[in-house]
*Asks:* 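Below: one structure in structure tokens.
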Amino acid sequence: MNIILLGPPGAGKGTQAQRLVERHGMRQLSTGDMLRAAVKAGTPTGLEAKAVMERGELVSDEIVSALIGDELDAMGPSVGAIFDGYPRTAAQAESLDAILAGRGRKLDHVVELEVNEDALVERITGRFTCATCGKGYHDKFEQPKVPGVCDKCGGTEFKRRPDDNAETVRTRMAEYRAKTAPILPIYEARGIVAKVDGMAEMDDVTAAIEAALKS
Ligand code: ADP
Ligand code: ADP
Ligand code: ZN
């Protein structure tokens with residue numbers, strides 16, 4: 001199964017993708033994570049992407065589609081893919097079709113996480129992740145069970161993203177509205193979009209996604 005999780009920054013895509021990975025052995029393909037790894041490693045892609053990401057604007061379609069193609073090639077053909085944060089433009093949606101077709105895959109579901117934008121700034125400014133395993137947390141909504149210790153791996157170091165600040169978030173929301181939301185009709189026309197209430201409790205969002213994937 002190949003699915004897209006679609007929604008603005010802070011909608012819960014990464015959180016829900018991590019849960020699907022654990023439950024179904026699918027693979028999360030997050031272009032944001034791939035780009036952050038490239039920035040950290042100082043690759044040419046990373047050098048090009050860094051300033052764009054810091055401004056909250058979109059990195060070029062060519063770069064992200066190449067990252068996705070490479071990642072799919074590195075996966076077993078029977079492992080399902082969860083696209084998280086990709087595609088974000090009409091051009092990327094078109095590339096994804098070609099990338100999947102070229103690898104004998106097809107898109108089964110697009111899950112749209114519907115959220116109230118006013119809540120997203122709070123979600124994003126409170127977000128942090130385990131520096132060791134990447135598990136996501138939130139200051140108010142999902143603290144580690146033992147303070148300072150990752151539930152998943154026992155790690156004790158956590159990090160916050162430089163672009164998770166109130167100003168950059170507004171640019172990222174504007175980018176989402178202008179460039180990403182308009183790709184939904186492409187998938188609606190194919191009858192593969194499931195709308196899920198992203199404002200619900202995390203467990204309820206997971207249950208709603210699971211139900212949508214069975215239909
Ligand atoms: P995205 O990947 O869409 O940008 P995340 O999954 O990283 O979003 O979620 C953003 C922040 O909001 C995280 O800190 C996460 O713990 C928190 N969060 C995710 N889903 C919910 C939810 N349903 N209710 C409250 N907080 C949530
Ligand atoms: P969030 O889900 O919180 O918006 P991501 O981790 O998905 O954050 O993305 C962080 C940043 O990386 C984006 O603001 C953008 O600069 C860049 N980025 C990630 N994915 C893409 C993509 N598919 N196309 C263009 N830029 C991207
Ligand atoms: Zn961890």
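What's counted below: heavy atoms across the whole structure, side chains too, no hydrogens, waters or symmetry copies. One-based numbering, in listed order, for ligands and for the atoms of each.
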*Asks:* What is the nearest protein non-hydrogen atom to atom 11 (C) of ligand 2, stated with its residue, atom name and distance?
*Replies:* M53 CE, 3.9 Å
*Asks:* Tell me: protein heavy atom nearest atom 15 (C) of ligand 2, and distance?
*Replies:*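 The answer is E57 O, 3.3 Å.
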*Asks:* Is it true that G198 lies under 4.0 Å from ligand 1, counting heavy atoms only?
*Replies:*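 Yes, that is the case, since the closest heavy atom of the residue is under 4.0 Å from the ligand.
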*Asks:* Could you tell me whether some N/O pair between P9 and ligand 1 is separated by less than 3.5 angstrom?
*Replies:*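 No.
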*Asks:* Checking the N or O distance criterion of under 3.5 Å, is ligand 1 in contact with M199?
*Replies:* no
*Asks:* Are any of the N/O atoms in Y137 less than 3.5 Å from those in ligand 1?
*Replies:*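 It does: an N or O of Y137 is found under 3.5 Å from an N or O of ligand 1.
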*Asks:* Mind checking whether K13 has an N or O less than 3.5 Å away from an N or O of ligand 2?
*Replies:*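 For ligand 2, there is an N or O atom that lies under 3.5 Å from one belonging to K13.
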*Asks:* May I ask you to check whether Y86 and S65 show a side-chain donor-acceptor distance below 3.5 Å?
*Replies:* yes
*Asks:* Distance to 0.1 Å, residue and atom name: give those for the protein heavy atom nearest to atom 24 (N) of ligand 2.
*Replies:* Q92 NE2, 2.9 Å
*Asks:* Between R161 and ligand 2, does any nitrogen or oxygen pair lie at a separation below 3.5 Å?
*Replies:*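 In this structure, R161 places an N or O atom under 3.5 Å from an N or O of ligand 2.
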*Asks:* Considering non-hydrogen atoms of the protein only, which is the closest contact for atom 3 (O) of ligand 2, and what is the distance?
*Replies:* R172 NH2, 2.7 Å
*Asks:* Do any N/O atoms on G10 end up under 3.5 angstrom from N/O atoms on ligand 2?
*Replies:*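 G10 vs ligand 2: no N/O contact under 3.5 Å.
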*Asks:* Which is closest to atom 26 (N) of ligand 2 by heavy-atom distance: L5, V39, T31, V59?
*Replies:* V59
*Asks:* Are side-chain N/O atoms of T206 and D203 paired as donor and acceptor at under 3.5 Å?
*Replies:*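 On atom types as modelled, these side chains do not qualify, holding no pair under 3.5 Å.
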*Asks:* Decide if atom NZ of K50 counts as having more than 12 heavy atoms of other residues, nucleotides or ligands within a radius under 6.0 Å.
*Replies:*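 At most 12 heavy atoms, drawn from other residues, nucleotides or ligands, come within 6.0 Å of this atom.
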*Asks:* Is the shortest distance from a heavy atom of G136 to ligand 1 less than 4.0 Å?
*Replies:*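 Not so, G136 does not reach ligand 1.
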*Asks:* Kindly indicate whether a cation-pi arrangement holds for K179 with Y176, taking the cut-offs as under 6.0 Å to the six-membered ring centre and within 45° of the axis.
*Replies:* no
*Asks:* Classify the contact between A200 and ligand 1 as side chain, backbone, both or neither, using a heavy-atom distance cut-off of under 4.0 Å.
*Replies:*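 Contact part for A200 vs ligand 1: backbone (N, CA, C, O).
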*Asks:* With a 6.0 Å cut-off (strictly less than), is the heavy-atom count around CZ of R55, excluding the residue itself, greater than 12?
*Replies:*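 Correct, the count exceeds 12.
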*Asks:* Side chain or backbone, does T15 bring an N or O within less than 3.5 Å of an N or O on ligand 1?
*Replies:* yes
*Asks:* If I apply the N/O under 3.5 Å rule, does L35 come out as touching ligand 2?
*Replies:*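 For ligand 2, there is no N or O atom that lies under 3.5 Å from one belonging to L35.
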*Asks:* If the Zn ion (ligand 3) is the vertex, what is the angle to SG of C150 and SG of C153, rounded to 10 degrees?
*Replies:*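 Here the angle at the metal atom is close to 110°, to 10°.
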*Asks:* One residue to check: F128. Relative to ligand 1, which of side chain, backbone, both or neither has a non-hydrogen atom less than 4.0 Å away?
*Replies:*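 Neither part.
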*Asks:* List the closest protein heavy-atom neighbour of atom 9 (O) of ligand 2: residue, atom name, distance to the nearest 0.1 Å.
*Replies:* R88 NH2, 3.5 Å
*Asks:* Quick one: does Q16's side chain have a donor or acceptor within less than 3.5 Å of a partner on M202's backbone?
*Replies:* yes
*Asks:* Ignoring hydrogens and angles, tell me if any N or O in the side chain of H109 forms a donor-acceptor pair with the backbone of L213 under 3.5 Å.
*Replies:*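 Yes: the side chain of H109 pairs with the backbone of L213.
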*Asks:* Heavy-atom contact check, 4.0 Å cutoff: does E175 meet ligand 2?
*Replies:*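 So E175 does not count as touching ligand 2.
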*Asks:* Tell me whether R36 reaches ligand 2 (any heavy atom closer than 4.0 angstrom to a ligand atom).
*Replies:* yes
